[in-house]
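Input: a single structure, listed below in structure tokens.
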Protein chains: 2
Amino acid sequence: MDRRPTIYDVAQAAGVAASTVSRAFARPGRVKAETARRIFEAAEALGYRTTALPGLVSRRTRTLALVVTDITNPFYGDIIRGAHEAAHELGYTLLLSHTQEDAQLERDWTERELTAVEGVLLTSSRMSDSAIRMMAKQKPVVVLNRRLPEVPSILVDNARGIRRAVEHLTELGHDAVTYVAGPESSWTDGARWLALREAAHELDIRVRRIGPCNNPTVHAGFGRAREVVTTSSTAVIAYNDAVAIGVVKGLTRLGVPVPEAVSVVGFDNTLLSEIIEPELTTVAAPLQAMGATAVKNLVAMIGGAVPSREPIIMPVRLVVRRSTGQRSRNRVSPALGTRNVSSSASAAARSTESGSR
Amino acid sequence: MDRRPTIYDVAQAAGVAASTVSRAFARPGRVKAETARRIFEAAEALGYRTTALPGLVSRRTRTLALVVTDITNPFYGDIIRGAHEAAHELGYTLLLSHTQEDAQLERDWTERELTAVEGVLLTSSRMSDSAIRMMAKQKPVVVLNRRLPEVPSILVDNARGIRRAVEHLTELGHDAVTYVAGPESSWTDGARWLALREAAHELDIRVRRIGPCNNPTVHAGFGRAREVVTTSSTAVIAYNDAVAIGVVKGLTRLGVPVPEAVSVVGFDNTLLSEIIEPELTTVAAPLQAMGATAVKNLVAMIGGAVPSREPIIMPVRLVVRRSTGQRSRNRVSPALGTRNVSSSASAAARSTESGSR
DNA sequence: CTGAAAGCGCTAACAG
DNA sequence: CTGTTAGCGCTTTCAG
């Protein structure tokens with residue numbers, strides 16, 4: 001026999017009915033131990049493996065869709081990994097989609113694949129609320145980094161993260177911070193900016209906002225550096241690490257020393273943040289755990305669990321590294337860097353001493 | 001009607017038989033244009049969409065498995081993206097698996113999912129040759145970054161990349177280079193080391209090899225820096241950018257200036273390489289194109305095409321940045337950095353002037 | 001070119 | 001606990 005063995009083959013070999021074989025594999029316990037043993041033995045001998053394909057009858061594809069906006073963004077690496085591992089443990093497989101920060105592509109793909117999956121994980125979705133809600137009516141959906149009523153969501157504690165960052169900055173003497181925004185369609189971006197305004201109000205500092213960076217990359221951040229200088233803020237908080245790093249590089253290029261003239265804080269604590277010089281102060285979230293939590297909740301929903309109406313908020317912590325420092329006496333003058341050789345020399349000397357953690 | 005419409009619904013609405021609807025969707029041309037139009041209209045009206053689920057009969061799942069060793073590695077980001085986009089264009093979906101550099105996990109996962117996909121893309125697989133070959137007998141398989149007879153493969157031109165790097169280094173006066181190795185089970189690692197030995201022989205320089213870094217990350221490279229110093233080579237070529245960056249950071253930490261005392265070359269030109277200071281000289285490969293090419297070939301094979309027996313070799317180019325420089329008169333003395341304040345000051349001053357590209 | 005009918009591999013009633 | 005039977009939605013002979 002050259003085709004893959006089916007339950008019928010196994011049934012025949014084990015001397016039982018096909019449905020019994022089906023039960024033996026699909027719902028352990030509904031078959032006498034002894035019979036089950038015979039079945040498994042026969043299956044083993046024939047090399048039978050339960051098909052991952054959905055029996056048309058049961059819609060159990062054991063597959064989840066994971067939609068990310070940009071695979072290339074290291075931020076998603078850990079989320080995907082966490083999701084993947086959790087899925088694997090729960091016996092699920094991940095269908096991957098990256099949508100290039102494009103809501104239309106996201107809709108299309110999702111619609112096309114929706115039938116094939118048991119649940120959907122939307123990460124930083126750029127789709128409209130209503131589109132997501134519509135989808136959530138058809139299938140279990142969990143959204144990451146986005147809050148919308150009626151759909152279970154998992155968020156990082158943006159408010160606290162921003163708050164910590166601002167406190168850190170004020171402790172260093174800063175009283176004006178510029179926010180370098182991310183994509184306009186990003187819920188997270190809105191949440192961070194809002195949190196920053198609130199924190200600024202409470203702590204009595206001034207804030208400005210520049211951007212958006214619709215593609216929140218190093219490159220985009222780099223291009224915003226000049227604007228940062230013109231705001232004459234002594235501190236910046238960026239939408240994410242990539243943008244923050246771009247800003248650091250841009251400022252450096254303009255001769256504005258970080259952190260001597262301007263302090264920079266990122267968000268996400270991706271591996272990038274330890275590579276840049278000076279290493280980036282950033283808000284860390286448990287990315288891998290987020291991915292895993294999302295999958296676990298999704299699978300629970302598939303299993304019939306009723307998700308909590310309240311979003312799950314993941315804790316954050318501020319990782320202080322060397323891109324933030326005491327506010328210097330004089331602000332950088334607008335549109336003009338003030339860096340000179342002596343300041344860069346001291347920075348370099350410091351860099352040799354402290355090194356990376 | 002609340003369930004998804006089926007071909008039967010469409011058939012009824014269009015006044016034809018279900019089989020005709022099936023044909024209209026599955027094999028264009030086998031149905032009279034006029035009839036097809038009626039069918040599509042009815043389908044449209046009912047909101048019928050051809051199911052992504054495999055009809056039991058046709059094994060056409062329109063799904064491909066993409067297996068990577070570590071999603072977190074930015075190297076894969078572009079490959080995945082290229083693969084994803086090509087797949088999307090060809091109407092395929094990607095099932096993702098990351099195997100944590102673990103051959104066993106890779107085998108398990110693959111076996112479990114094999115039935116559900118029409119083809120498999122193995123990226124930098126850690127599985128044994130025989131395991132891969134066995135799989136290739138059951139399904140179309142394309143391997144990336146690995147060469148083995150009988151299985152179509154897509155490789156980067158490691159030999160040329162290494163050769164270029166070595167030439168670059170010799171032009172700068174270096175006559176001894178240390179290779180910081182990657183994972184032992186990596187075919188690519190072997191290929192690069194071999195290429196290095198050959199190039200070294202032809203160009204008459206000395207080579208050493210340290211490692212392996214089974215998890216080829218920044219961290220691993222960092223840990224190898226001290227060993228690099230003890231080899232007293234003035235140049236190092238690392239398995240990949242991450243390791244190279246780790247080496248740079250480690251050397252810097254040890255007070256060994258890059259590139260003044262030691263030049264460092266990476267491989268892959270990932271986005272990391274532009275973040276590190278000094279920016280990394282590295283061998284670039286068209287990652288996204290690789291992913292796309294792999295998928296296109298895989299789909300062609302699924303369609304019955306006979307793959308070429310010869311591997312497809314993707315071109316490389318050396319991206320010269322600032323981590324490589326003229327060999328200094330004096331080598332670093334073994335186990336002891338020689339960096340002093342003046343050298344770091346000059347390095348820093350330089351960094352302000354040139355900035356990133 | 002199109003209809004009728006027979007399954008693909010598996011699960012889910014429903015009886016025993 | 002297990003066998004029988006009837007499909008899931010679609011494709012594919014096989015006849016018209």
Side-chain angles (χ1 to χ4, degrees), chain A residues 1-40 42-43 46-63 91 112-118 302-304, chain B residues 1-40 42-43 46-63 91 112-118 302:
Chain A
M1 162 176 25
D2 55 343
R3 43 179 249 292
R4 279 168 48 91
T6 72
I7 43 174
Y8 292 99
D9 303 316
V10 178
Q12 187 164 34
V16 297
S19 51
T20 308
V21 177
S22 171
R23 277 188 283 258
F25 281 99
R27 32 194 58 193
R30 310 265 287 162
V31 150
K32 209 199 329 180
E34 159 61 12
T35 316
R37 204 185 43 67
R38 278 221 321 287
I39 291 174
F40 291 135
L46 290 165
Y48 169 80
R49 349 213 72 232
T50 148
T51 311
L53 290 180
L56 251 12
V57 175
S58 80
R59 251 59 244 284
R60 318 251 24 218
T61 60
R62 296 240 150 225
T63 300
R112 197 162 84 69
E113 300 304 331
L114 206 55
T115 54
V117 300
E118 292 185 42
I302 291 168
Chain B
M1 158 173 30
D2 54 342
R3 41 177 249 295
R4 278 169 49 91
T6 72
I7 43 173
Y8 292 98
D9 302 316
V10 178
Q12 188 165 33
V16 296
S19 49
T20 308
V21 177
S22 170
R23 276 189 282 257
F25 282 99
R27 31 194 58 193
R30 311 266 288 161
V31 148
K32 211 204 319 184
E34 159 61 12
T35 316
R37 204 184 44 66
R38 278 220 322 286
I39 291 174
F40 291 135
L46 289 164
Y48 169 80
R49 350 212 71 229
T50 147
T51 310
L53 289 180
L56 251 13
V57 176
S58 80
R59 251 62 245 284
R60 318 248 28 215
T61 60
R62 295 241 151 227
T63 301
R112 197 162 85 70
E113 300 304 331
L114 206 55
T115 54
V117 300
E118 292 184 42
I302 292 169

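Keep in mind that the numbers below use all heavy atoms, side chains included, and drop hydrogens, waters and symmetry copies. Please read these numbers as outputs of a predicted model, since none were measured by experiment. Here is the naming used below: chain letters follow the sequence lines, and residue numbers restart at 1 for every chain.
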Could you work out which one of [options] sits closest to the side chain of [X]?
X: Tyr48(B); options: dT11(D), dC10(D), dG3(C); answer: dC10(D)
X: Ala17(B); options: dA4(C), dC10(D), dT2(D); answer: dA4(C)
X: Thr6(A); options: dT13(D), dG9(C), dT11(D); answer: dG9(C)
X: Ser22(B); options: dT2(D), dT2(C), dT11(D); answer: dT11(D)

Please report the distance, rounded to the nearest Å, between [atom1] in [X] and [atom2] in [N].
X: Ile7(A); N: dA12(C); atom1: CD1; atom2: P; result: 11 Å
X: Arg23(B); N: dC10(D); atom1: CZ; atom2: C1'; result: 12 Å
X: Leu46(B); N: dG9(D); atom1: CG; atom2: C1'; result: 15 Å
X: Arg62(A); N: dT11(C); atom1: CZ; atom2: P; result: 11 Å
X: Ile39(A); N: dT2(D); atom1: CD1; atom2: P; result: 7 Å
X: Gln12(B); N: dT2(C); atom1: CD; atom2: C1'; result: 18 Å
X: Asp9(A); N: dG9(C); atom1: CG; atom2: C1'; result: 11 Å
X: Phe25(A); N: dC10(C); atom1: CZ; atom2: P; result: 10 Å

message: Base, sugar-phosphate or nothing for Val16(B)? Non-hydrogen atoms, less than 4.0 Å.
response: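 Sugar-phosphate contact only.
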
query: Using a cut-off of 4.0 Å on non-hydrogen atoms, how would the nucleic acid contact of Val21(A) be classed: base, sugar-phosphate, or nothing?
result: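 Contact class for Val21(A): none.
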
Kindly give the heavy-atom pair with the smallest separation between [X] and [Y], and that separation in Å.
X: Phe40(B); Y: Ala24(B); result: CZ-O, 3.6 Å
X: Phe25(B); Y: Ala43(B); result: CZ-CB, 3.7 Å
X: Ala17(A); Y: Ala11(A); result: C-CB, 3.7 Å

- prompt: What distance separates Lys32(B) NZ from Arg23(B) CZ, expressed to the nearest 0.5 Å?
  reply: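 Rounded to the nearest 0.5 Å, the NZ-CZ separation comes to 13.5 Å.
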
field: Distance (rounded to the nearest 0.5 Å) between Ile7(A) CD1 and Leu46(A) CG
entry: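 The distance works out to 13.0 Å.
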
message: Using a distance-only criterion (donor-acceptor N/O pair, under 3.5 Å, no hydrogens), is the base of dT2(C) paired with the side chain of Thr35(B)?
response: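 In this structure, the two groups form no donor-acceptor pair.
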
message: If you compare every side-chain N and O of Thr20(A) against the phosphate oxygens of dT2(D) (OP1, OP2), does one of them come in below 4.0 Å?
response: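 No, Thr20(A) has no side-chain N/O under 4.0 Å of OP1/OP2 on dT2(D).
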
- request: For dG3(D), take OP1 and OP2 only and decide whether either is under 4.0 Å from a side-chain N or O of Tyr8(A).
  value: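 Checking Tyr8(A) against dG3(D): no side-chain N or O falls below 4.0 Å of OP1 or OP2.
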
